[in-house]
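Input: a single structure, listed below in structure tokens.
Everything quoted here is computed from the prediction, not taken from an experiment. Lettering of chains follows the sequences in order, A, B, ..., and the numbering in each one begins at 1.
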Protein chains: 2
Amino acid sequence: MNISDAAQASGLPPKTIRYYEDIDLVKPDRGANGYRDFSDVDVHNLTFLARSRALGFSIDDCRKLLALYQDKSRASGEVKKVAEGHLAEIEAKIADLTAMRDALAHLVHCCHGDDRPECPILEGLGTRRAGQM
Amino acid sequence: MNISDAAQASGLPPKTIRYYEDIDLVKPDRGANGYRDFSDVDVHNLTFLARSRALGFSIDDCRKLLALYQDKSRASGEVKKVAEGHLAEIEAKIADLTAMRDALAHLVHCCHGDDRPECPILEGLGTRRAGQM
DNA sequence: ATAGGGCTTCCAGTCACTGGAAGGTCAAGA
DNA sequence: TCTTGACCTTCCAGTGACTGGAAGCCCTAT
């Protein structure tokens, strides 16, 4: 299977697949013409990677997860540890963004947004307060 | 004022302040010895930048906001437009992360996480389903 | 005089791609 | 058979917003 078919099947762009080969996440065969030749297993692994990335796992985590995926004698506790760590990061990011959103929404709410120069948003940015930041 | 004092006062690391000068966000004077010499206005602008960044505005947005901040005849509508655009981005990011969290939390919840190899997390990543992704 | 800390510049690295250039390969149609 | 256009290849550079580190100048205190 050529790269564009593998891309189609996995949902990853060809560029990304080449990059993943570059960093040794996948190792497709090569045809006599030098073209990459993806097996079903390769495509399956790419799909696994696509989904892991879609859940926000770092490439490093993906590497670990893929190794665990291929190790039929893994301990599921290992997997859960990686996933829980990532889950905590996501929760933290959501908390950060929510605080940002609240502060910003407050500023936006206070600004009438017309042709006059008075602007609580700029005042808030220039003089503290307006939430905790 | 030397750079480390400006850093102290603004809350930005010296490296970041140099970077901001590099990309023309601030233009501190120079002393005879070549050292940067930050005026109160410079420090004030750096503080403005630190707060804008803390609210997640991109450097590009910060540049616009800083220009509006310095333009005493701006229309507050301009500012509000930038802020609302950014607010929408934050909301979108929160929505993405929340969907990720829910899908991942579901997988984590299903995994007993012990020494056995059976792992719903890996199965979920390998075979679709498990939320929508 | 020297030791230390702070200042300067410049280069490289981060993360995970992404765009683009230059060139080889393949299948279909004239 | 030739050509066209869509593939494929590699390699290099750029993204955003810093950050680390090296090499070297400057200032103050002892």
Side-chain angles (χ1 to χ4, degrees), chain A residues 1-38 42-43 45-46 48-66 85-86 89-90 93 96-97 100, chain B residues 1-39 42-43 45-46 48-66 82 85-86 89-90 93 96-97 100:
Chain A
M1 191 186 283
N2 276 353
I3 197 167
S4 62
D5 294 322
Q8 188 74 27
S10 66
L12 291 169
K15 276 275 188 189
T16 300
I17 295 176
R18 290 194 194 99
Y19 172 66
Y20 284 177
E21 188 189 17
D22 231 46
I23 62 173
D24 295 315
L25 276 179
V26 283
K27 298 170 189 58
D29 286 345
R30 294 290 179 138
N33 53 13
Y35 286 18
R36 288 169 184 83
D37 183 17
F38 294 84
D42 289 329
V43 171
N45 287 343
L46 286 172
F48 180 93
L49 289 168
R51 292 196 192 128
S52 304
R53 292 288 300 133
L55 283 182
F57 285 101
S58 69
I59 289 288
D60 225 46
D61 279 349
C62 287
R63 198 184 299 278
K64 281 179 209 147
L65 291 174
L66 191 56
H86 179 48
E89 278 173 22
I90 294 181
K93 230 178 260 178
D96 281 359
L97 284 173
M100 266 188 205
Chain B
M1 192 186 280
N2 276 354
I3 197 166
S4 62
D5 295 322
Q8 188 73 27
S10 66
L12 292 170
K15 276 275 188 188
T16 299
I17 295 176
R18 289 193 195 99
Y19 172 67
Y20 284 177
E21 187 189 18
D22 229 46
I23 61 173
D24 295 316
L25 276 179
V26 283
K27 298 169 189 57
D29 286 343
R30 295 287 179 142
N33 53 10
Y35 286 18
R36 289 169 184 81
D37 182 17
F38 295 84
S39 69
D42 290 328
V43 170
N45 287 343
L46 286 171
F48 180 93
L49 288 168
R51 294 199 189 127
S52 305
R53 293 287 300 133
L55 283 182
F57 285 101
S58 69
I59 289 288
D60 224 48
D61 278 350
C62 286
R63 198 185 299 278
K64 280 181 208 146
L65 290 174
L66 190 58
V82 174
H86 179 49
E89 278 171 23
I90 293 180
K93 229 175 260 177
D96 282 358
L97 284 172
M100 266 187 206

Is any side-chain heavy atom of [Y] closer than 4.5 Å to one of [X]?
| X | Y | result |
| --- | --- | --- |
| A:Tyr35 | A:Asn2 | yes |
| B:Ser4 | B:Gln8 | no |
| A:Arg30 | A:Arg36 | yes |
| B:Arg63 | B:Ile59 | yes |
| B:Tyr19 | B:Leu25 | no |

(message) Angle between the end axes of the helix from C:dA1-D:dT30 to C:dA30-D:dT1, five pairs per end, to the nearest 10 degrees?
(response)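 The two end axes of the helix from C:dA1-D:dT30 to C:dA30-D:dT1 meet at 30°.
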Expressed in angstrom and rounded to an integer, what is the separation of [X] atom [atom1] from [N] atom [atom2]?
| X | N | atom1 | atom2 | value |
| --- | --- | --- | --- | --- |
| A:Asn2 | C:dG24 | CG | C1' | 14 Å |
| A:Ile3 | D:dC7 | CD1 | P | 13 Å |
| A:Phe57 | C:dC15 | CZ | P | 17 Å |
| B:Asp60 | D:dC18 | CG | P | 13 Å |

(request) Could you give me the CA-CA distance, side-chain angles and deciding distance for A:Phe48 and A:Leu66, then say whether side-chain contact (heavy atoms from CB on, under 4.5 Å) is met? (result) CA-CA 8 Å; A:Phe48 180 93; A:Leu66 191 56; 3.6 Å; yes
Working to the nearest 0.5 Å, report the span between [atom1] of [X] and [atom2] of [Y].
| X | Y | atom1 | atom2 | result |
| --- | --- | --- | --- | --- |
| A:Asp42 | A:Asp29 | CG | CG | 7.0 Å |
| B:Leu49 | B:Leu12 | CG | CG | 7.0 Å |
| B:Asp22 | B:Thr16 | CG | OG1 | 12.0 Å |

(request) Answer with base, sugar-phosphate or nothing: what part of the nucleic acid does A:Pro13 contact at a heavy-atom distance below 4.0 Å? (result) sugar-phosphate
(request) Write down the atom of A:Ala6, the atom of A:Ile17, and the distance for their closest heavy-atom approach. (result) C-CD1, 4.0 Å
Report yes if at least one side-chain N or O of [X] is closer than 4.0 Å to OP1 or OP2 of [N]; otherwise report no.
| X | N | answer |
| --- | --- | --- |
| A:Ser58 | C:dC15 | no |
| B:Arg30 | C:dT9 | yes |
| B:Arg36 | C:dT8 | yes |

(message) I'd like to know if A:Asp96 pairs up with A:Lys93 as an ion pair, taking the criterion as any Lys NZ or Arg NE/NH1/NH2 lying under 4.0 Å from an Asp or Glu carboxylate oxygen.
(response) no
(message) Of the listed nucleotides (C:dT9, D:dT10, C:dC17), which one gets closest to any side-chain atom of A:Ile59?
(response) C:dC17
(request) Could you list by number each residue of residues 16-29 of chain A showing a heavy-atom separation from DNA chain C of less than 4.0 Å, or answer none if no residue does? (result)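 Nucleic-acid contacts, sorted: A:Thr16, A:Tyr19, A:Tyr20.
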Under-3.5 Å N/O pairs linking protein and nucleotides 21-26 of chain D:
unit_1, atom_1, unit_2, atom_2, d
D:dG21, O6, B:Lys15, NZ, 2.2

